[in-house]
S.K.: 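This is the structure I want to talk about, given as structure tokens.
What's counted below: heavy atoms across the whole structure, side chains too, no hydrogens, waters or symmetry copies.
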Amino acid sequence: MDKLKKVLSGQDTEDRGGLSEVVEASSLSWGTRIKGFVACFAIGILCSLLGTLLLWVPRKGLILFIVFYTFGNIASLGSTIFLMGPMKQLKRMFELTRLIATTVMLLCLVLTLCSAFWWHNKGLALIFCILQSLAMTWYSLSFIPFARDAVKKCFTVCLA
């Protein structure tokens, strides 16, 4: 667990200088970070699910869907900021191992909004929601060592 703390907070590769001690003194404790992550992620999942369910409400369903689903996904994605900090999160999002998942996730977020606002196509919006969820899952798995390999192997065994 300590190694995970060091990796996520970036302490495993940098020297302890005067500036890092000041930053550490003013940052959140590890327990507070975990609580913030869990709360933000749970709110994000709840809003995303609620938004998807509200998609089928007559008239105002599409607007409610856009608001709840978009907020939910941004909250879920932003929950990792509690673990790493905003700048490190942005840098790690666009690393080579996560670049495709991040791009697909953000593209599907935009396409979901486009299909709801401009194209008024609920089915297409739902397809983009599913693709976005899959991309976010793949993105999240990239932070767990060997998780992507395990998922690939599982699908290979199931499909063979």
Side-chain angles (χ1 to χ4, degrees), residues 1 3-5 7-10 12 28 30 32-160:
M1 190 68 164
K3 179 66 177 168
L4 180 64
K5 287 182 196 177
V7 168
L8 290 176
S9 63
D12 65 334
L28 299 172
W30 182 249
T32 305
R33 289 178 182 215
I34 293 294
K35 289 174 190 173
F37 166 76
V38 169
C40 198
F41 189 75
I43 288 169
I45 295 295
L46 182 67
C47 286
S48 295
L49 290 173
L50 183 61
T52 303
L53 294 174
L54 291 173
L55 178 63
W56 307 109
V57 172
R59 288 188 184 186
K60 299 285 184 186
L62 203 55
I63 294 169
L64 292 172
F65 163 73
I66 292 167
V67 171
F68 280 100
Y69 193 78
T70 302
F71 177 75
N73 282 315
I74 291 170
S76 294
L77 184 61
S79 66
T80 55
I81 290 174
F82 282 100
L83 298 177
M84 293 181 237
M87 291 310 294
K88 188 168 184 178
Q89 169 68 17
L90 284 174
K91 287 178 187 176
R92 293 190 77 185
M93 278 178 72
F94 293 100
E95 287 177 351
L96 191 57
T97 57
R98 296 177 189 91
L99 184 61
I100 293 173
T102 301
T103 304
V104 169
M105 182 176 48
L106 295 174
L107 182 66
C108 285
L109 177 70
V110 171
L111 289 173
T112 301
L113 294 172
C114 288
S115 64
F117 272 129
W118 289 291
W119 305 325
H120 302 289
N121 190 333
K122 292 179 183 180
L124 196 57
L126 189 59
I127 289 171
F128 287 131
C129 289
I130 292 168
L131 290 174
Q132 185 179 352
S133 297
L134 291 173
M136 186 174 265
T137 301
W138 194 249
Y139 166 80
S140 299
L141 286 174
S142 71
F143 287 100
I144 303 168
F146 306 110
R148 284 181 168 183
D149 293 333
V151 170
K152 285 179 190 177
K153 193 168 195 164
C154 182
F155 275 104
T156 304
V157 169
C158 291
L159 295 176

S.K.: Minimum heavy-atom separation for Gly44 to Ala75, with atom names?
M.R.: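 Shortest heavy-atom separation between Gly44 and Ala75 comes out as CA-CB, 3.8 Å.
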S.K.: Any chance you could measure Lys35, atom NZ, to Cys40, atom SG, to the nearest 0.5 Å?
M.R.: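 It is 16.0 Å, given to the nearest 0.5 Å.
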S.K.: Measuring from atom OH of Tyr69 to atom CD of Gln132, what distance do you get when rounded to the nearest 0.5 angstrom?
M.R.: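 Nearest 0.5 Å value for the OH-CD distance: 4.5 Å.
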S.K.: Is Leu96 atom CG crowded by more than 12 heavy atoms from other residues, nucleotides or ligands, each under 6.0 Å away?
M.R.: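 Incorrect, the count does not exceed 12.
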S.K.: Are side-chain heavy atoms of Leu111 and Trp119 found at a separation under 4.5 Å?
M.R.: yes
S.K.: To the nearest 0.5 Å, what is the distance between CE on Met84 and CZ on Phe37?
M.R.: 8.5 Å
S.K.: Find the distance between NE2 (His120) and CG (Leu62) and round it off to the nearest 0.5 Å.
M.R.: 7.5 Å
S.K.: For a quick test of reading the model, state the closest non-hydrogen atom pair linking Ser76 to Ile45 and the distance between them.
M.R.: OG-N, 3.6 Å
S.K.: With a 6.0 Å cut-off (strictly less than), is the heavy-atom count around CZ of Phe128, excluding the residue itself, greater than 12?
M.R.: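 Yes, enclosed.
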S.K.: Return the CD1 to CG distance between Ile34 and Leu28, rounded to the nearest 0.5 Å.
M.R.: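 Rounded to the nearest 0.5 Å, the CD1-CG separation comes out at 11.5 Å.
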S.K.: To the nearest 0.5 angstrom, please state how far the NZ atom of Lys88 sits from the CG atom of Leu83.
M.R.: 10.5 Å
S.K.: Determine whether a donor-acceptor pair (N or O, by modelled atom type, separation under 3.5 Å) exists between the side chain of Ser115 and the backbone of Thr112.
M.R.: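 Yes: the side chain of Ser115 pairs with the backbone of Thr112.
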S.K.: Kindly check if the number of other-residue, nucleotide or ligand heavy atoms within 6.0 Å of CD1 (Ile100) is above 12?
M.R.: no
S.K.: Do Arg98 and Phe143 meet the cation-pi criteria used here (NZ or CZ under 6.0 Å from the six-membered ring centre, within 45° of the axis)?
M.R.: yes
S.K.: Return the minimal non-hydrogen interatomic distance between Leu141 and Ala147, and the atom names on each side.
M.R.: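 Smallest interatomic distance, heavy atoms only, reads O-CB, 3.6 Å.
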S.K.: Heavy atoms, side chains only, cut-off 4.5 Å: are Leu131 and Val104 in contact?
M.R.: no
S.K.: What are the two closest non-hydrogen atoms of Met136 and Asn73, and how far apart are they?
M.R.: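 Shortest heavy-atom contact: CE-O, 3.6 Å.
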S.K.: How close do Met105 and Leu77 get, counting heavy atoms only, and between which atoms?
M.R.: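 Closest approach of Met105 to Leu77: CE-CD1, 3.7 Å.
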S.K.: Which heavy atom of Gly72 sits nearest to which heavy atom of Cys47, and what is that distance?
M.R.: CA-CB, 3.7 Å
S.K.: Where do Phe71 and Ser48 land on the side-chain contact (heavy atoms from CB on, under 4.5 Å) test, with the steps shown first?
M.R.: CA-CA 7 Å; Phe71 177 75; Ser48 295; over 6 Å; no
S.K.: Do Thr97 and Tyr139 have side chains that approach each other closer than 4.5 Å (heavy atoms only, starting at C-beta)?
M.R.: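 In short, these two side chains do not touch, never coming nearer than 4.5 Å.
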S.K.: Between Leu113 and Trp118, does the side-chain contact (heavy atoms from CB on, under 4.5 Å) criterion hold? Intermediate values first, please.
M.R.: CA-CA 8 Å; Leu113 294 172; Trp118 289 291; 5.6 Å; no
